[in-house]
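Atoms within each ligand, like the ligands themselves, are counted from 1 in listed order.
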Amino acid sequence: MNNTTTMKHVLPPLPYDPAALEPHIDAKTMTIHHDKHHATYVEKLNKAIEPYPELEERSASWLLLNIDKIPEVVRTAVRNNAGGHVNHSLFWKAMSPKSKGKPSGRLADAIARDFGSFERFKTQFDQAGADLFGSGWTWLARSSHDGRRLVILSTAGHANPMVTGHFPILLNDVWEHAYYLKYQNRRPDYLHGWWSVVDWDEAARRFERSEDPNANAE
Ligand code: MN3
């Protein structure tokens, strides 16, 4: 039976208008980023797993966490495109036009404890993003070891720190496609402006969920 029109993975809608994050992220960048880049990762992921019905039942994060179980011929495609899908799905939700500007509650306490202060955390996060060579992501994540402390990580391509036992709390896309139309080579300006659109309520919810060792990190 030919059932190839059934698509398992679906592009989630942007949770706000593409112009909602202006002036920090422009509408054209948001539209291309979501409607073209993210859409293509979803499309290519579905295509890669199409010959393997047993994989079509799996979530994108399951595919990343079990990459050694993926047939070798599609493993790279699954790693890159499931990673692109998971990371971008988190990224849209990590931002909001109604940013509170800083964390509150237990997440704020944990950031102060693990980085010294919120300002020091921001400086280190920006530095990680500026230092990342080529395309990748910068993360605030919670380690599953080291007293479950918060750490700043960078990953290349669409790698996700959940595969190394870290629960993502907050992430920034440092691929050029995330900022080049507006900022060109001025990546530090993009990183700086991005703080104005961080959804700290979402980060706080993820921090709470990270308390549960069995929580799905997707
Ligand atoms: Mn991107």
Side-chain donor-acceptor pairs under 3.5 Å in residues 154-162, sequence neighbours left out?
unit_1	atom_1	unit_2	atom_2	d
T155	OG1	W139	NE1	2.8
T155	OG1	A159	O	2.9
H158	ND1	W137	NE1	2.9
H158	NE2	Y41	OH	2.9
N160	OD1	M162	N	2.8
N160	ND2	N87	OD1	2.9

query: Checking R75 side chain against I70 main chain: does a donor-acceptor pair fall under 3.5 Å?
result: yes
task: Taking the side chain as every heavy atom from C-beta outward, state whether H33 and H88 have any atom pair closer than 4.5 Å.
output: yes
field: Contact check, side chains of W62 and L55, non-hydrogen atoms, under 4.5 Å
entry: yes
query: In the protein, how many N/O/S atoms are under 2.8 Å from the Mn ion (ligand 1)?
result: 4
field: Gap separating the CD atom of E202 from the OG atom of S96, nearest 0.5 angstrom
entry: 10.0 Å
- request: State yes or no: do L11 and L14 share one hydrophobic cluster built from I, L, V, M, F, W and Y residues joined by side-chain heavy-atom distances below 4.5 Å, directly or via other members?
  value: no
